[in-house]
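See structure below.
Model, not experiment: these values are computed from the prediction. Along the sequence shown, the residues carry numbers beginning at 1.
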Amino acid sequence: MYNETKVPVRIINSSWGGSSIEAWMSEDALQEFPKKLRERDIYNSDEYKVLMNKPGGMMSRFWNLSLYKGDEGLHAPVKWYEPELDDSDWEEVNMFSYQLGTKNGYPVSGSHWFRQDIRLTAEQADKDAILRLGCMVNADSVYVNGVFVGTTSYQYPPRIYKVPVSVLKAGENLVTVRLINSGGRPSFVKDKPYCMAIDGDTVRLAEQWKYRLGCEMPAGRGGVSFQNIPTGMYNSMISPLRNLHFKGALWYQGETNAGRSSEYEALLTAMIKDWRVKFADENLPFFIMQLPNFMQTHPQPVESGWAGMREAQRQVTLKLPNTSLVVAIDLGEWNDIHPLNKKELARRVALQVKKKVYGHRDVVHSGPLCTDASVESGKIILSFEEGTNDLMPVTELKGFALAGADGRFKWAKATIEGNKVMVWSEGITQPIMVRYAWDDNPQEANLRNKSGLPASPFQMEVVK
C-alpha cells in the first residue's frame, strides 16, 4: 500500500503461537460463555501462575542437563560428530521410516545421532554452501566435517544452515545431525528439501543414514499452556493498545480451536464485537485468514475439524458487517502447519484492504464466494458474490460432494456455466446439502476466478 499511496503504514504485531481464541477475548466478551470464565478463574492468581511456571522451567533445565551428561556422543573419546569416528558398526536407517528412533514399537525420547557423507567436486568445495535439512521433530544440532553449523530448538522452522568454504573439501564431506525429542516420535519431515546448495548446484542427501542412539531419556513433562487460558492474551496484549486508532485488524488464528469448530463462530463473533467496543470503532474492519490446507488428503468425503473451522470463519464474514475472508486453501503444505508462502497470503490480504479500506472499486479482492445454492431437476445451482464470480474455465471441476436425506456425502460432478456452477451426483436424486473443498487438505479442489484467486471452501443447504 505504501508503494501506491506513499503514506507510511504501521502494523502492530500482537500475536502468540499456539494460542486459543478464548485467550484473546475480554471478560466482557466471554459473558455468554460462563464455562470459559470458570476456567479463567482457576488460573486467576498471579502467585499460582508463578508457581506453575517455575517447576516447568526447572524440569526443562534438569531434563536437558541430564541428557547432556548422559549423551555418549558428546563425551566419547572421539565425539560422534568428528570425521575420525569409526561408524562402521552403526545401524543403517531410512530417514523417513516410521520405525526410526523406536524401541519395541514405542518412540524413544532422548538424543539420536545420524551421519552420512556427501561428495563434492573441487569446484563445489571452493565456495560457501547452504545446508538445507527440511524440518525435524524436534530440536537439532548439525555439524559438517566436525564443525558446528547450526541448531534449531523446535519442529517447524526450516533448517537452513550456512556452511563456509573453510569447512568444505573436495571428496567426501561428513554431515552429522544430533536430533533431540522429549516425547513422541523423532523424525525427519517428508517432502522437504534435504540437500547442500552451492552457487546454483544442488547436492542431494541420501535417505539412508548411519544411526545410533546417544542417550535414552524419560519423556519430558510440559507445564500449563497459559497462552490458552481465557482472557490472558487479551489482558496482556490487546487491552494495552486500546488508546490507539486502527484502520483494521488482521486475524490469523484457529489451529488450536480446530477440534472445537462448532463453537468457534459464536466465539469469534463475540470477540470482534467486543474489540470494536473496546477500540471505540463500531466499524473496525476485520480480515480473517482462513485456515490453509494441511495434513492428509482423503480419497472419500470425510468429516474434518479443519474444514469445520474454515466454515465457521466463513460464516462470521457472511453475518458480521465489515469482515472479510482471506482464502488460503491452496497455500498450505501437508507436512507443515506453518506454510512458507506467506508473501502470496499477504498479497491477498492487501487486495481485501484495497477494496474494503482504501475504496479501490475495480480491484478483484477475493476468489469466488458462494452466496446461494438452489436445486433444479436434481442439479444444484451455485451462485457467487458479484465481483468474485468471473469463473475460470477448467477441463474438470473437482472438490464437490453432495448429500441426500441420509446425510452421507458422495463425490459429485460439477461444471461451470457462465458465472454459476452446476453440481450433481447420479447416486443422489434429491440433494439437500453441498460441500466444496471439505477436507483437511483438499488438494484437487480447483474452483477459481479469472484473477487466479481460489474459491473458499463451503457447506450449504439447498434452497428448494
Side-chain angles (χ1 to χ4, degrees), residues 96 98 134-135 137 155-156 158 187-194 252 254-255 257-259 261 288-314 325-349 351 366-370 380 382 384 388 391-403 408-416 421-425 433-460:
F96 301 125
Y98 194 77
C135 296
V137 182
Q155 172 181 346
Y156 296 110
S187 61
F188 296 83
V189 177
K190 279 187 175 182
D191 296 340
K192 294 287 185 179
Y194 294 89
Y252 192 159
E255 297 96 330
N257 289 85
S261 60
I288 298 167
M289 313 312 129
Q290 196 180 49
L291 289 188
N293 50 311
F294 176 54
M295 299 181 290
Q296 298 296 327
T297 301
H298 296 88
Q300 299 298 326
V302 295
E303 296 302 321
S304 161
W306 276 58
M309 180 63 66
R310 296 184 194 111
E311 179 65 8
Q313 294 171 319
R314 188 181 78 93
L325 188 67
V326 184
V327 179
I329 198 61
D330 59 332
L331 300 180
E333 301 171 43
W334 77 266
N335 56 8
D336 199 336
I337 201 170
H338 298 153
L340 298 181
N341 190 1
K342 295 178 171 60
K343 186 173 183 179
E344 174 59 18
L345 182 61
R347 186 185 77 88
R348 293 178 188 180
V349 175
L351 291 175
S366 171
L369 295 172
C370 191
I380 290 182
L382 300 176
F384 300 87
T388 74
L391 305 181
M392 175 76 76
V394 293
T395 302
E396 183 181 1
L397 193 56
K398 297 181 178 181
F400 287 90
L402 295 180
R408 296 179 180 178
F409 281 88
K410 297 180 180 179
W411 292 129
K413 296 179 180 180
T415 60
I416 294 171
V421 170
M422 307 297 176
V423 187
W424 72 97
S425 174
M433 184 80 73
V434 58
R435 283 175 171 175
Y436 171 70
W438 195 273
D439 197 353
D440 299 330
N441 186 4
Q443 287 187 323
E444 292 193 337
N446 60 348
L447 178 60
R448 294 173 175 267
N449 56 24
K450 291 179 181 176
S451 295
L453 297 172
S456 166
F458 63 85
Q459 171 180 273
M460 294 190 73

Pairwise distance [atom1]([X]) to [atom2]([Y]) - rounded to 0.5 angstrom:
X	Y	atom1	atom2	result
C135	L340	SG	CG	7.0 Å
R448	L391	CZ	CG	12.5 Å
M433	I380	CE	CD1	9.5 Å
K413	E396	NZ	CD	9.0 Å
L351	S366	CG	OG	9.0 Å
R348	M289	CZ	CE	12.0 Å

Hey, are the side chains of [X] and [Y] touching, using non-hydrogen atoms and a 4.5 Å cut-off?
X	Y	value
V434	F458	yes
Y436	V421	no
S425	W411	no
W334	T297	no
F409	Q300	no
Q290	P457	yes
N446	L397	yes
Y252	L345	yes

What's the verdict on side chain to side chain contact (heavy atoms under 4.5 Å, CB included) for V189 and D336, showing C-alpha distance, side-chain angles and the deciding distance? CA-CA 9 Å; V189 177; D336 199 336; over 6 Å; no
Do R435 and E311 meet the salt-bridge criterion of a basic N to acidic O distance under 4.0 Å?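 Salt bridge: no.
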Nearest heavy-atom neighbours spanning [X] and [Y]:
X	Y	answer
L402	A412	CG-CB, 3.7 Å
P301	A401	CG-CB, 4.3 Å
W438	V302	CD1-O, 3.3 Å
K192	G134	CB-CA, 3.5 Å
G332	P339	CA-CB, 3.8 Å
P393	K450	CD-CE, 4.1 Å

Under the side chain to side chain contact (heavy atoms under 4.5 Å, CB included) rule, what do R347 and L453 come out as? Steps first, then yes or no, please. CA-CA 11 Å; R347 186 185 77 88; L453 297 172; 3.7 Å; yes
Can you list everything that forms a side chain to side chain donor-acceptor pair (under 3.5 Å) with Q155? Sequence neighbours excluded, please.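 For Q155 there are no side chain to side chain donor-acceptor pair (under 3.5 Å) partners, ignoring immediate neighbours.
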Got a sec: does the [atom1] of [X] have more than 12 other heavy atoms crowding it under 6.0 Å?
X	atom1	value
E344	CD	yes
K190	NZ	no
K410	NZ	no

Taking atom types as modelled, is there a side-chain donor on D440 or S304 under 3.5 Å from an acceptor on the other?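 Indeed, the side chains of D440 and S304 share at least one donor-acceptor pair under 3.5 Å.
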Got a donor-acceptor contact below 3.5 angstrom from the D439 side chain to the H298 backbone?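 Yes, because the side chain of D439 sits within donor-acceptor range (under 3.5 Å) of the backbone of H298.
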Kindly say whether P442 contributes a backbone atom to a donor-acceptor pair with the side chain of N293 at under 3.5 angstrom?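 A pair under 3.5 Å: no.
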Full working for side chain to side chain contact (heavy atoms under 4.5 Å, CB included) between I416 and L447: CA-CA 9 Å; I416 294 171; L447 178 60; 4.3 Å; yes
Go through the steps for T415 and W424 under the test side chain to side chain contact (heavy atoms under 4.5 Å, CB included), then give the verdict. CA-CA 9 Å; T415 60; W424 72 97; 3.7 Å; yes
Please state whether the rings of F188 and Y194 are parallel, tilted or perpendicular, taking 30° and 60° as the class boundaries.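 Plane angle over 60°, so perpendicular.
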